[in-house]
Protein chains: 2
Amino acid sequence: MIVRYNKFVVQLDNITTIPNTCMLKRNPSLTEQAKLYIKQRIVNDEFEEGRIPSETTLANELGVSRTTIRDALSRLELEGAVYRKQGAGTFVNEAGLQIKTRLEEIWTYEDMLDAHGYSHAVEIISVEERPAPPRIAEALAIAPEAPILVAKKRFIADGRPVIITINHIPVNLIQTAWEQSDFSRPIYEFLAEKCRQHLAYYLSEIVPLVASPLLGPELGVTAGKTALLSFDEVGYNQENEPILCANSCFRDDMLRLRLIRRGAM
Amino acid sequence: MIVRYNKFVVQLDNITTIPNTCMLKRNPSLTEQAKLYIKQRIVNDEFEEGRIPSETTLANELGVSRTTIRDALSRLELEGAVYRKQGAGTFVNEAGLQIKTRLEEIWTYEDMLDAHGYSHAVEIISVEERPAPPRIAEALAIAPEAPILVAKKRFIADGRPVIITINHIPVNLIQTAWEQSDFSRPIYEFLAEKCRQHLAYYLSEIVPLVASPLLGPELGVTAGKTALLSFDEVGYNQENEPILCANSCFRDDMLRLRLIRRGAM
DNA sequence: TAGTGGTCTAGACCACGCT
DNA sequence: GCGTGGTCTAGACCACTAT
C-alpha cells in the first residue's frame with residue numbers, strides 16, 4: 001500500500017501541464033492522484049478516439065478500487081474534461097476541455113490572464129483602513145462601522161488595464177504585521193498568511209455595468225459607451241464564516257467568462 | 001428492500017416545497033431520495049442550531065448505507081445547502097440556502113422568475129427557418145447555411161419585460177410536427193418532445209451589453225444608458241453533441257444572477 | 001477518549017449499449 | 001450476451017474536534 005502510494009506520487013511529479021488553481025488544502029488522496037493521472041493522459045492525448053479505458057481497467061492499472069477511479073472520473077466529469085455514456089464508456093470531452101478557467105471554480109486573476117495568453121502585472125492603487133459601510137458590515141457579519149482593510153488593485157494584461165478589484169477584510173481577522181506590497185499577491189495568500197483563514201468558497205453575484213466616468217478611464221475604455229462585467233463576492237472560510245468582500249470589474253472584451261451549467265439531479 | 005424503498009417513496013410524496021429544476025431524467029435513486037428527505041427536513045427547520053444528525057444516524061434512520069447518505073450530503077453541499085466540518089459534524093448553510101437559482105444549474109426562466117417572486121408570462125415574437133450563419137453552424141457542428149429553426153421570445157415579469165431569448169435548433173434534429181405555440185413552453189420540452197433530445201449541459205459565456213436601440217425598447221430600458229447581461233450558450237445532449245444555440249438577454253435590475261465558486265480540489 | 005466526517009476497499013447487482 | 005457505467009452495501013481505518 002505504501003509502496004504503491006509512493007510509486008503513484010513519483011508518477012505525479014512529472015505532471016506540469018495541468019493548469020494550477022489557487023486553492024490551498026493539499027493532501028493528495030488516492031482519488032485526487034488518480035484524477036491527475038487520468039487528466040495527464042488526456043492532455044497527452046494518449047487515448048485513441050477519445051475513449052478512456054473502463055473503470056475496471058483503470059482500477060487494476062493503478063492498483064486501487066473501482067470506487068476510487070469512479071470518484072476521480074466524477075470530478076473530471078464535473079470539470080467538463082470527460083463525459084460518460086452508460087453501457088458505452090467514458091470519453092474525452094473536447095468541447096469542455098476548451099474552457100480553462102471555469103467560473104464555478106475559484107481562480108486567481110493571474111491564472112485567468114495566463115489562461116487567456118496574456119502577460120500580466122499588478123498595480124496596487126490603494127490600501128486603507130476604513131469603517132465598514134452598512135452593506136459590507138452586514139455581508140461580513142461584523143458591527144457597522146467596524147474597521148475594515150480596503151485594498152484596491154489593477155491588473156494589466158499585455159500592457160492594457162483589464163481588471164480592477166477591491167477587497168474588504170475585517171481588521172480584527174488580521175493576526176500578523178503586513179505591508180502594502182503583500183497585496184501584490186493573490187488575496188487568498190494574504191488571508192492564509194496574515195489571517196490564518198482559508199477561503200473555501202465565494203457566493204458571487206454577476207452585475208453588468210456601463211463604464212462610469214470614474215471607472216472607464218481606469219480600465220482604458222470610453223465612459224458611458226462600454227459595458228463592463230462586475231462581480232460582487234463574499235468569501236467564506238471552512239467554518240462558513242464570511243471573511244472577505246470582493247468587488248471586481250472586468251473588460252469583457254479581453255476576458256471571457258465561461259461556465260458549465262448542468263441539469264440539477 | 002422493496003418495502004423500505006416504497007416507504008421511502010411514500011415519505012417523499014409529501015415534499016412540495018423543494019424548488020423544481022427543469023431536468024428530465026428521473027429515476028429516484030436511494031441517494032436522491034435521501035437527499036430530498038434531508039433537504040425537506042432542512043427547509044422545515046427541524047434541526048436544532050442547524051446541526052444535522054451524523055451520517056451514521058441518518059443511515060440507520062433511513063435503513064441505507066452510510067455511503068448513500070454521504071453521497072446525498074455531498075450533493076447538498078455542492079448545492080450550498082449544508083457544509084461539513086471534519087470531526088465536528090454537518091450543518092445547515094443559511095447563506096447558501098438564500099440562493100435559489102444558482103447559475104451553475106440549468107433553470108427554466110419560468111423557475112427563475114418564480115424564485116424572484118414575479119408573476120410571469122411569455123410572448124412568442126417570431127419563429128422562422130433560416131440558413132445557419134457561420135458562427136452558429138460551427139457551434140452546432142453542422143454545415144454552413146444548413147437550415148436552423150430560430151425562435152425568439154420574451155418573458156414578462158409583473159407586467160414588465162425582463163428577458164429576451166433566441167434559440168437556434170438544427171432543423172434536421174426535428175422529428176415531429178410542431179407549431180409556433182410549442183415555443184411558449186421551455187425549450188427543453190421542445191427538444192425532448194419534437195427532437196427526442198435531452199439537454200445534458202450548457203457551455204455558457206457571460207457577456208455584458210449596453211442596451212442597443214433595437215434591444216433597449218424590447219426590454220423597456222433606455223438605449224445607450226443601461227447595461228444588460230447576456231448569455232451565449234451551447235446546449236449538449238447526453239452523447240455530447242451540440243443540439244442548441246441560445247442567446248439570452250436580461251434586465252439585471254430585475255433578475256440577480258448568483259453562483260457559488262469553489263476552490264478546485 | 002468518544003464521536004464525527006474523510007477515504008478506501010471488495011464485492012454485489014442493475015440498466016444500458018453494443019454487436 | 002458481454003462489457004460498460006450506475007447504484008448500493010458493510011466494513012475498515014484515518015484525521016480531526018470536542019470534552
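Below, read A as the first sequence line, B as the second, and so on, with proteins coming before strands; counting in each chain starts at 1.
Map A/Gly87 and A/Thr67 each onto its nearest nucleotide of DNA chain D; the residue landing nearer the 5' end is A/Gly87. With DNA chain C read from its 5' end, the first of the two nearest nucleotides for B/Thr57 and A/Ala88 is the one closest to B/Thr57. Both B/Lys85 and B/Glu239 lie near DNA chain C, and the one whose nearest nucleotide falls closer to the 5' end is B/Lys85.
Per the geometry, CD belonging to A/Gln86 stands 10 Å off C1' belonging to D/dT7, to the nearest Å. One atom, CZ of B/Phe91, and another, C1' of C/dG5, lie 10 Å apart when rounded to the nearest Å. C/dT9 atom P lies 14 Å from atom CG of A/Leu58, rounded to whole Å. Put simply, CG on A/Asp71 is 13 Å from P on C/dG6, counting in whole angstrom units. Following rounding to the nearest Å, B/Glu49 (CD) and D/dA18 (P) show an atom-to-atom distance of 14 Å. The nearest whole Å value for the distance from the CZ atom in A/Arg84 to the C1' atom in C/dC16 is 15 Å. What separates NZ of B/Lys35 from C1' of D/dT7 is a distance of 16 Å, to the nearest Å. One interatomic measurement links the two molecules: CZ of B/Arg70 to C1' of D/dC14, which rounds to 12 Å at whole-angstrom precision.
Counting non-hydrogen atoms of neighbouring residues, nucleotides and ligands closer than 6.0 angstrom, the CZ atom of B/Arg185 exceeds 12 such neighbours.
Taking the side chain of A/Arg66 as heavy atoms from C-beta on, and the options D/dT9, C/dG6, C/dA12, the nearest nucleotide is C/dA12. Here C/dG5 is the nucleotide among C/dA10, D/dT4, C/dG5 with the atom lying nearest to any side-chain atom of B/Thr90. Residue A/Leu30 has its side chain nearest to C/dT9 when only D/dT9, C/dT9, C/dT4 are considered.
Within 4.0 Å (heavy atoms only), B/Thr56 reaches no atom of the nucleic acid at all. The residue B/Ser54 sits close only to the backbone: its heavy atoms come under 4.0 Å of sugar-phosphate atoms, none of a base.
Phosphate contact (OP1/OP2 of D/dG11, side-chain N/O of B/Ser65, threshold under 4.0 Å): absent. Contact between the side-chain N/O atoms of B/Ser29 and the OP1/OP2 oxygens of D/dG6 is not found at any separation under 4.0 Å. For the pair A/Thr68 and C/dT9, the criterion of a side-chain N or O lying under 4.0 Å from OP1 or OP2 is met.
A search for ring pair (Phe, Tyr, Trp, His ring centres under 6.0 Å) contacts involving A/Tyr109 returns A/Phe155, A/Phe250, not counting sequence neighbours.
With rounding to the nearest 0.5 angstrom, the OG1 atom of B/Thr56 is 9.5 Å from the CD1 atom of B/Ile69.
In this structure, A/Tyr236 has its ring center no closer than 6.0 Å to that of A/Tyr202.
With contacts defined as side-chain heavy-atom distances shorter than 4.5 Å, the pair B/Arg75/B/Glu32 qualifies.
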